[in-house]
Undergrad: 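Before I ask anything, here is the structure I am working with.
The structure displayed is predicted, hence computed values, not measured ones.
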Amino acid sequence: GPSSTGGLVGSEDSLSVQNSYWDVLTSGQSTSAGDAIGVTTASLQAGLPSGFSGDTWGILPGLSYPYLLSRFPNGPLVVSGFVGGTPSPAAAPVGLAAGGSIRDTSYSGANGYYYAATDPLTGPAPQGVTAFLNFPTGFLLGSSTTDAPIGPGAVTGLDVLAGQSLVRTTQPTASGT
């Protein structure tokens, strides 16, 4: 039978889709039913797409996808990167931890890219976020950590590689045992 897989809409029966976009790279889908428009990650994160009102939507240009201002009135904490070193980086669960707790779980797309928009950290000089592969085995299979101050804004390039723990530091020297 006909395919019901699409970038934004799998199938439509006289459905009207307007001012709607999807990321062709993370979805792995080049077509969509309806009039949805497929664009690259960079294009969708460059600025608010046509038809998106700045009164309703926000964006951190070059860093985030559009987000609802009613959900993040002061902007989200965006964490993104790529998953690598797994048999298939697509649909790999990536956990995000900060401030002593797990904040969110995201899943990597068809190209291994993961992205999460979560509430900004609060408190005195909030620092550091860790992204980790969060497979249901309970084992830490790979992680990436930064100690940079975190607030509204973005931590990009926080790549997670299976079997490795990566640390990105703002300190002039780092050592470990």
Side-chain angles (χ1 to χ4, degrees), residues 5-10 20-30 32 36-49 52 57-68 71-72 74-121 126-170:
T5 302
L8 183 68
V9 178
S20 299
Y21 303 83
W22 86 93
D23 188 324
V24 296
L25 300 176
T26 59
S27 70
Q29 301 294 319
S30 60
S32 180
I37 300 169
V39 296
T40 64
T41 306
S43 178
L44 195 53
Q45 293 181 350
L48 288 179
F52 279 47
W57 295 92
I59 193 162
L60 301 172
L63 302 172
S64 79
Y65 290 110
Y67 58 86
L68 288 169
R71 172 62 181 91
F72 299 111
N74 298 316
L77 166 60
V78 172
V79 181
S80 65
F82 284 89
V83 173
T86 62
S88 172
V94 178
L96 300 175
S101 65
I102 295 176
R103 308 271 304 188
D104 206 347
T105 297
S106 180
Y107 292 86
S108 59
N111 63 349
Y113 181 72
Y114 77 90
Y115 170 95
T118 188
D119 292 316
L121 301 177
Q127 282 191 248
V129 64
T130 298
F132 58 94
L133 290 175
N134 192 17
F135 289 103
T137 60
F139 294 104
L140 179 64
L141 300 176
S143 66
S144 188
T145 302
T146 178
D147 66 353
I150 307 297
V155 177
T156 60
L158 202 57
D159 299 341
V160 182
L161 304 175
Q164 297 184 31
S165 290
L166 308 172
V167 176
R168 207 165 66 180
T169 183
T170 58

Undergrad: Do Asp23 and Tyr115 have side chains that approach each other closer than 4.5 Å (heavy atoms only, starting at C-beta)?
TA: no
Undergrad: Should Val39 and Val24 count as side-chain neighbours, where that means a heavy-atom distance under 4.5 Å?
TA: no
Undergrad: Let's go through Thr26 and Thr41 carefully: what are the C-alpha distance in whole Å and the side-chain angles of both, what is the deciding distance for side chain to side chain contact (heavy atoms under 4.5 Å, CB included) to 0.1 Å, and is it a yes or a no?
TA: CA-CA 7 Å; Thr26 59; Thr41 306; 4.1 Å; yes
Undergrad: Given Phe132, which partner from the list Ile102, Leu96, Val160 fulfils the side-chain contact (heavy atoms from CB on, under 4.5 Å) test?
TA: Ile102
Undergrad: What is the minimum heavy-atom distance between Pro76 and Leu60, and which atoms define it?
TA: O-CD1, 4.1 Å
Undergrad: Rounded to the nearest 0.5 Å, what's the gap from CG on Leu25 to OG on Ser30? Could you check?
TA: 11.0 Å
Undergrad: Measuring from atom CD1 of Ile59 to atom OH of Tyr65, what distance do you get when rounded to the nearest 0.5 angstrom?
TA: 10.0 Å
Undergrad: Hey, what do you get for CG (Asp159) to OG1 (Thr156), rounding to the nearest 0.5 Å?
TA: 9.5 Å
Undergrad: Return the orientation label for the Phe52 and Trp57 ring planes: parallel under 30°, perpendicular over 60°, tilted otherwise.
TA: tilted
Undergrad: Roughly how far apart are Asp119 CG and Phe72 CZ, rounded to 0.5 Å?
TA: 5.5 Å
Undergrad: Please give me the minimum heavy-atom distance between Pro61 and Ala46, naming the atom from each residue.
TA: CB-O, 3.5 Å
Undergrad: Tyr113 versus Ser80: any side-chain heavy-atom pair under 4.5 Å?
TA: yes
Undergrad: Let me confirm one number: the CG-OH distance from Leu48 to Tyr21, rounded to the nearest 0.5 Å.
TA: 10.0 Å
Undergrad: Considering non-hydrogen atoms only, spot the tightest contact between Ala116 and Ser106 and give its length.
TA: CB-CB, 4.1 Å
Undergrad: With a 4.5 Å limit on heavy-atom distance, are the side chains of Thr105 and Tyr114 in contact?
TA: no
Undergrad: Distance from Thr118 atom OG1 to Asp104 atom CG, nearest 0.5 Å?
TA: 4.5 Å
